[in-house]
Number of protein chains: 2
Amino acid sequence: MTTMKDVAKHAGVSKATVSRVLNKKGYVSKEAEASVLKSIKELNYQPNSVARSLYHKTSGMIALVLPDISNPFFPELARAVEDVALAYGYTVVFCNTDEEIEKEKRYFEALQQKYVDGIILSTSSQAPDEYHKLDLPLVALDRFLGENIPTVVSENKRGGELATQHLLDNGCKNLAHLRGPEGVGPAEDRLEGFRKVVSKEKCSYTVRTAGFDMERAKQETYKLFQDKPDIDGIFAGSDITAAGALHALSTLGKKVPEEVKVIGFDGIPLGQMFVPGITTMEQSIYDMGALAARLLIKQIEKKPIENYIHEFPVHLVVRGTTEEVMT
Amino acid sequence: MTTMKDVAKHAGVSKATVSRVLNKKGYVSKEAEASVLKSIKELNYQPNSVARSLYHKTSGMIALVLPDISNPFFPELARAVEDVALAYGYTVVFCNTDEEIEKEKRYFEALQQKYVDGIILSTSSQAPDEYHKLDLPLVALDRFLGENIPTVVSENKRGGELATQHLLDNGCKNLAHLRGPEGVGPAEDRLEGFRKVVSKEKCSYTVRTAGFDMERAKQETYKLFQDKPDIDGIFAGSDITAAGALHALSTLGKKVPEEVKVIGFDGIPLGQMFVPGITTMEQSIYDMGALAARLLIKQIEKKPIENYIHEFPVHLVVRGTTEEVMT
DNA sequence: ATGAAAGCGCTAACAA
DNA sequence: TTGTTAGCGCTTTCAT
């Protein structure tokens, strides 16, 4: 490996001058600069970023901590984060926590030891003050972690309302909500939206917990129809949940959307691949990830942040599971 | 931040002793050790891995370079890599190249400057010798990069054969293969498998390029049936491609599997979420990722590698798009 | 068994 | 304008 020392010798100057050229800092004569640049080329020199990190106590890396990249909601988020990071010259480290507090702690330790410059968090196993103790730039993505941590989320409650309303607008009388995991912010908010509408409209409804997991959603749907065979509208807490429900409905011989209508949440690509397409409340997943990354980098670069809460609107995307449309 | 110096002072020993305790290397008296350990606890000291990296020229990081994490084939792979990395104490950096050579080059530079210990490559934009020049432990995953680079792939050709045979076994007479991107190893191999069977069986067939992209697959399927309305069996180069084909077929009013049978490739979760489930040649995606990570770490730790080529078997998973089964 | 000191590659005062 | 030097935090040889 060529080091700065080699370049300095080759160019007949001191390391300091090489450093100045590299960082365009301080005075360097035209000749010296030219000679250094030439030596860099000839020796194919690349500055060592570890040595730089040691001095600056920064690494040019940001971490993305999420529950599980194989959950289809996250890849697009991750992609967005990485795109922005690349554009600003940062590298992304990624960490799957499975929502396990132990894993999360181990990661935080490792990340700090590596001088990562900041963390985007899409999990929330820890108590909020644990996060403050980190003393690192943080952004909460799709989760709420505390007042003074910049947060990027969707209008989940409003989405819950709109989704529920959409079922009612299409003539559903007996609703079910297959809610996401308890304790997970967005799932709670969507439920709240659902509750608000059904109570206002005074319609019959039931709520079941199905996680964000297809198999579980399937089982819950079977049970649901055992208990309440007259359900005619399902608001699933995620598109994956909706897929599970559709599976069960198909096995039960229920026609969708004629007998039962189903709406999901998220707007993951899966939804439009399905036949019929899954009606859903679409989130701006990519944009959320990109904004989170930008907010993080702003903090890292000590630029001011205007708003701490960024709520993205959600959009109803009508497909075949609630209306007979051309997909 | 507490450094080793602080610990040394607090414990009344030298930095060298602290280092010895930390690394369990060299002689340290019981008393000294106890005192150091105590100080570490009290000061809540964490060794600085950047400083370590600088000395050792290793970082404890491995990179995963892939075309696009939001392609559903990759998240599970990534997850596997990360799980293994975590188990061995490594951190994973991930890089989306979009198969662009420029991006790939930029990443390689950045990664080398950061002393990443090795790279898992699921792309292949560069010429093989470019990779050798890197002089870093490498593993090729789902791609072939050269003789002396450990490689983890599926039996794509065999999979192509089995998939094609499955269609024939189910009575298909006019086959189409919606092949993956040209120049991409696995896509070529699957095609080869297809060719082998159709030519042996002397059945009528056609081949169209559909990439690994759902929208394109849809369009190609429309065109396909315009040209050849009597196609009754489609071997799609990936499950995503299959999803696109199914979409088109649904719009065209073709009944699946009665009039047209469809088989995909990959075994991504999407396939079983579909109604009807997508018949597919399943790859052991997670296991492949995990093995690739283990092979990489073996190289990093200078342990001997027995086999350079690891071909994973593929499995036919029959679902509703080729046979009328209960899903 | 332990410490002093040099060095990993780079940056930034401070002199000159 | 340039070089010398100390130092980022850690490891390791070499004395002692």
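Below, chain A is the first sequence line, B the second, and so on; all start at residue 1. Worth knowing before you read on, the calculation uses all heavy atoms, side chains too, and leaves out hydrogens, waters and symmetry mates.
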task: List in numerical order all residues of residues 34-52 of chain B for which some heavy atom is under 4.0 Å away from an atom belonging to DNA chain D.
output: Y45(B), P47(B), N48(B), A51(B), R52(B)

query: Tell me: NZ of K15(A) to C1' of dT11(C), nearest whole Å?
result: 9 Å

task: Using atom OH of Y55(B) as one end and atom P of dG9(C) as the other, report the distance to the nearest whole Å.
output: 11 Å

query: 5'-most contact on DNA chain C: S14(B) or T2(A), nearest heavy atom basis?
result: S14(B)

message: Parallel, tilted or perpendicular, judged at 30° and 60°: which one describes the rings of F94(A) and F94(B)?
response: tilted

- prompt: Could you state the CE-C1' distance from M4(A) to dT11(C), rounded to the nearest angstrom?
  reply: 7 Å

- request: Flag the pair E33(B) and K24(B) as a salt bridge only when some basic side-chain nitrogen lies within less than 4.0 angstrom of an acidic carboxylate oxygen.
  value: no

query: Would you call R143(B) and E188(B) a salt bridge, taking side-chain N to carboxylate O under 4.0 Å as the test?
result: no

query: Counting any heavy atom closer than 4.0 Å, what does K57(B) reach on the DNA or RNA strands: base, sugar-phosphate only, or nothing?
result: sugar-phosphate

query: Closer to the 5' end of DNA chain C via nearest nucleotide, is it Y115(B) or V13(B)?
result: V13(B)

task: Please report the C-alpha distance between N156(A) and S154(A) in whole Å, then the side-chain angles of each, then the deciding distance to 0.1 Å, and finally whether the side-chain hydrogen bond (donor to acceptor under 3.5 Å, both in side chains) criterion is met.
output: CA-CA 5 Å; N156(A) 287 298; S154(A) 280; 5.1 Å; no

Where chain A begins and ends its contact with DNA chain D, read 5' to 3' at 4.0 Å from heavy atoms: dT1(D) to dG9(D)

Heavy-atom closest contact (P67(B) atom, T123(B) atom, distance): N-CG2, 3.3 Å

query: With the threshold set at 4.0 Å, does a side-chain nitrogen-carboxylate oxygen contact exist between K15(A) and D6(A)?
result: no

Verdict with supporting geometry, K57(B) and D117(B), salt bridge (charged side-chain N to carboxylate O under 4.0 Å, His left out): CA-CA 9 Å; K57(B) 302 189 190 310; D117(B) 299 337; over 6 Å; no

query: Salt-bridged, D98(A) to R79(B), with N to O below 4.0 Å?
result: yes

query: Are any of T17(B)'s side-chain N or O atoms less than 4.0 Å away from OP1 or OP2 of dG3(C)?
result: yes

- prompt: Between K38(A) and E42(A), does at least one N-O distance fall below 4.0 Å, as a salt bridge requires?
  reply: yes

task: Please report, rounded to the nearest Å, how far the P atom of dC10(C) is from the CG atom of L54(B).
output: 9 Å

- prompt: Among residues 22-33 of chain B, which residues get a heavy atom nearer than 4.0 Å to DNA chain D?
  reply: N23(B), K25(B)

message: Looking at R106(B) and E100(B), is any side-chain nitrogen of the basic one under 4.0 Å from a carboxylate oxygen of the acidic one?
response: no

message: In whole Å, I'd like the distance from the CZ atom of R20(B) to the P atom of dG3(C).
response: 8 Å

- prompt: Can you name the nearest heavy-atom pair linking S53(B) to T58(B), along with the distance?
  reply: OG-O, 2.7 Å

